[in-house]
Amino acid sequence: MSVGMLDHFNIRTRKLAETVRFYEEILGLTNGDRPDFAFPGAWLYSEGKPVVHLVDIAPTSEPQKPDSGVVHHIAFASRDFGAMKQRLQSKGFTFRSREVPGGAIWQIFVSDPNGVLIELNYDAVAERV
């Protein structure tokens, strides 16, 4: 028996368009097919897999949580550290970058429009090639 790999994460947002733009324009995901649910939202794809599910709670009275709640962050295995840093700087996004002690991984941390902290991990050896 195995739980398996993480399939996707879901964000309930009052900022659907802004959140879709962030994941498309900043992280490079693709807004794609989504089942015909009875509520508005979007699915964003990475390499053909819907990894970010968005639910628009604007038409409801549900309060918007200001951050990720008890989940501290969501991490993506990523490529092209330099290009992502340049993209974030050119779009005016605040972010932190660091090298994990030992030097095998470089990381970038950036928050989406809902305050969800996104961690982008880069294989330092592959990035140096």
Side-chain angles (χ1 to χ4, degrees):
M1 184 174 158
S2 170
V3 170
M5 300 294 291
L6 180 66
D7 184 70
H8 70 274
F9 65 96
N10 185 77
I11 299 171
R12 300 174 72 74
T13 181
R14 290 196 181 288
K15 304 173 184 176
L16 182 63
E18 185 179 349
T19 303
V20 168
R21 268 194 311 279
F22 171 83
Y23 285 96
E24 283 185 309
E25 295 176 11
I26 303 305
L27 296 189
L29 301 184
T30 303
N31 191 357
D33 291 335
R34 177 179 177 265
D36 190 19
F37 292 115
F39 50 87
W43 281 13
L44 294 132
Y45 288 69
S46 176
E47 298 179 7
K49 183 168 177 38
V51 297
V52 179
H53 295 184
L54 302 176
V55 174
D56 184 3
I57 61 168
T60 74
S61 61
E62 179 179 339
Q64 173 67 53
K65 293 178 175 45
D67 60 20
S68 304
V70 297
V71 174
H72 182 261
H73 64 272
I74 306 298
F76 288 96
S78 305
R79 291 186 302 274
D80 206 340
F81 181 78
M84 180 56 75
K85 282 180 66 174
Q86 185 175 38
R87 176 182 287 173
L88 291 167
Q89 288 167 342
S90 73
K91 301 278 189 179
F93 274 85
T94 302
F95 67 94
R96 295 184 347 260
S97 63
R98 71 176 182 188
E99 184 176 315
V100 172
I105 298 173
W106 295 339
Q107 297 177 311
I108 295 174
F109 294 89
V110 61
S111 292
D112 84 355
N114 306 284
V116 176
L117 184 60
I118 305 297
E119 173 185 320
L120 306 172
N121 290 314
Y122 300 83
D123 178 337
V125 173
E127 293 291 322
R128 288 186 180 111
V129 174

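Sequential numbering from 1 along the given sequence is applied to the chain's residues. Side chains included, hydrogens not; waters and symmetry mates left out as well; all remaining heavy atoms used. The structure presented is a predicted model; accordingly, all values stated were derived computationally and were not measured.
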message: I'd like to know if Glu47 pairs up with Arg79 as an ion pair, taking the criterion as any Lys NZ or Arg NE/NH1/NH2 lying under 4.0 Å from an Asp or Glu carboxylate oxygen.
response: yes

Between the side chain of [X] and the main-chain N/O of [Y], is any donor-acceptor distance below 3.5 Å?
X: Asp56; Y: Ala58; value: yes
X: Gln107; Y: Tyr122; value: no
X: Gln64; Y: Arg12; value: yes
X: Thr30; Y: Gly32; value: no

message: If you apply the rule side chain to side chain contact (heavy atoms under 4.5 Å, CB included), what do you find for Met84 with Phe95, and how did you get there?
response: CA-CA 11 Å; Met84 180 56 75; Phe95 67 94; over 6 Å; no

message: If you count heavy atoms of other groups shown closer than 6.0 angstrom to CD of Glu24, is the number above 12?
response: yes

- prompt: Mind checking what makes salt bridge (charged side-chain N to carboxylate O under 4.0 Å, His left out) contact with Asp7, not counting sequence neighbours?
  reply: Lys49

- prompt: Could you give the distance from CD1 (Ile57) to CZ (Phe39), rounded to the nearest 0.5 Å?
  reply: 12.0 Å

- prompt: Rounded to the nearest 0.5 Å, what separation is found between the NZ atom of Lys15 and the CZ atom of Arg21?
  reply: 11.5 Å

Close side-chain approach of [X] to [Y], heavy-atom, < 4.5 Å:
X: Asp33; Y: Tyr45; value: yes
X: Leu54; Y: Trp43; value: no
X: Val51; Y: Leu44; value: no

query: Which ring pair (Phe, Tyr, Trp, His ring centres under 6.0 Å) pairs, counting each pair once, include a residue from residues 13-35, with sequence neighbours left out?
result: Phe22-Phe93

query: Of the non-hydrogen atoms in Ser90 and Arg87, which two are nearest, and what is the gap between them?
result: OG-O, 2.9 Å

